[in-house]
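Just below is one structure, and these are the notes that go with it.
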Amino acid sequence: GAVVSQHPSWVICKSGTSVKIECRSLDFQATTMFWYRQFPKQSLMLMATSNEGSKATYEQGVEKDKFLINHASLTLSTLTVTSAHPEDSSFYICSARGTDTISNQPQHFGDGTRLSIL
Amino acid sequence: DAKTTQPTSMDCAEGRAANLPCNHSTISGNEYVYWYRQIHSQGPQYIIHGLKNNETNEMASLIITEDRKSSTLILPHATLRDTAVYYCIAAAWNFNKFYFGSGTKLNVKP
């Protein structure tokens, strides 16, 4: 149980285009989803927290107009990298947490999306 | 959220127990300790979590000191497939934002 799927797993696109990454919780409903990015040989960095039906909360230093997050349902959140440039190339990972906010249940992570901007 | 400190890397012989320490001396009363691991180019995999009692599941055991300032993840019989970066995270149960530290690179050797 607790499977999180990301799509696509790998994308290459030209500078200036926008790229959408999907994150789905397959066998549970997720009130909260998180988006991270990871550069080579570095740790995961939290970008934003998204709650179903409300605006995402971005971490300090993350441009909300650059990284658009939509969490329209309890099983789907999307991250759109707008007008992507080579410096946006990274490994983007999402995670999801179930709707039972009383418990201390962990986040479950997707397998990531490797984004390369040429 | 409390900051965690872990050794950069550790070696372990295949078949032996791997004991991975984590320091979280500023942990708050409502923060749990979560352990994840990340194998190259994959998303982090959940291992175990706890508040103050020791915990065990099919993957590992988690030992938390009585003062909760540190913990140890134990993989009882390490295999080559356990080679990964292991992350220890302290996070409040009700909001649950994770701030990852540098983790420990565990190298399991034959």
Side-chain angles (χ1 to χ4, degrees), chain A residues 1-7 9-10 21 23-25 28 30-51 56-62 90-116, chain B residues 1-9 22 27-53 55 57-60 62 64 68 71 73 84-106:
Chain A
V3 178
V4 176
S5 173
Q6 264 184 260
H7 178 81
S9 56
W10 189 26
I21 302 169
C23 178
R24 294 181 184 273
S25 56
F28 67 102
T31 304
T32 308
M33 289 185 169
F34 303 86
W35 287 95
Y36 300 81
R37 67 189 295 184
Q38 185 177 32
F39 292 109
K41 299 187 186 299
Q42 295 186 23
S43 187
L44 284 78
M45 184 192 79
L46 179 65
M47 298 176 67
T49 303
S50 89
N51 291 295
T57 303
Y58 291 82
E59 295 296 304
Q60 191 172 8
V62 178
S90 188
F91 191 47
Y92 291 87
I93 309 169
C94 74
S95 71
R97 184 168 179 251
T99 54
D100 182 3
T101 56
I102 296 175
S103 77
N104 52 66
Q105 60 185 291
Q107 294 179 28
H108 299 281
F109 287 80
D111 271 341
T113 296
R114 191 158 301 282
L115 174 63
S116 295
Chain B
D1 290 333
K3 178 181 169 62
T4 61
T5 306
Q6 299 175 253
T8 303
S9 66
C22 178
I27 195 168
S28 302
N30 68 340
E31 289 182 320
Y32 282 73
V33 179
Y34 296 84
W35 281 85
Y36 285 78
R37 69 182 182 185
Q38 186 179 28
I39 297 169
H40 183 63
S41 295
Q42 296 181 21
Q45 177 190 22
Y46 167 73
I47 301 173
I48 199 168
H49 73 284
L51 181 63
K52 52 185 177 181
N53 297 322
E55 303 287 346
N57 63 20
E58 65 278 4
M59 289 184 70
L62 173 61
I64 303 174
R68 304 213 318 125
S71 61
L73 178 75
V85 178
Y86 286 76
Y87 294 102
C88 163
I89 303 158
W93 67 268
N94 57 342
F95 197 58
N96 209 231
K97 291 169 75 170
F98 284 359
Y99 294 101
F100 283 77
S102 302
T104 296
K105 176 72 193 319
L106 176 66

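Within every chain, numbering begins at 1; the chains are lettered A, B, ... in the order of the sequence lines, protein sequences first and strands thereafter. Atom set for the values below is all heavy atoms of this structure, side chains included, hydrogens, waters and symmetry mates excluded.
Contacts of A:L44 with chain B are made by both backbone and side-chain atoms, with heavy-atom separations under 4.5 Å. If you measure heavy-atom distances from B:Q38 to chain A, the contacts under 4.5 Å come from the side chain alone. Contacts of A:Q6 with chain B are absent, with no heavy-atom separation under 4.5 Å from either backbone or side chain.
Between chain A and the options B:G43, B:G103, B:P44, heavy-atom pairs under 4.5 Å are most frequent for B:P44. For the options A:Q42, A:R114, A:E59, heavy-atom pairs under 4.5 Å to chain B are most numerous at A:E59.
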Given the rule in the side-chain contact (heavy atoms from CB on, under 4.5 Å) test, do A:F28 and A:V4 qualify, once you have shown the distances and angles that lead to the verdict?
-> CA-CA 9 Å; A:F28 67 102; A:V4 176; 3.9 Å; yes

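Relative ring orientation between B:Y34 and B:F98 is described as tilted, the plane-to-plane angle lying within the 30° to 60° band. Aromatic ring orientation, A:F109 versus A:Y36: tilted (interplanar angle from 30° to 60°).
A:S25 places no side-chain N or O within donor-acceptor distance of the main-chain N or O of A:A96, the cut-off being under 3.5 Å.
With 3.5 Å as the limit, one finds no donor-acceptor pair spanning the side chains of A:Q107 and A:R97.
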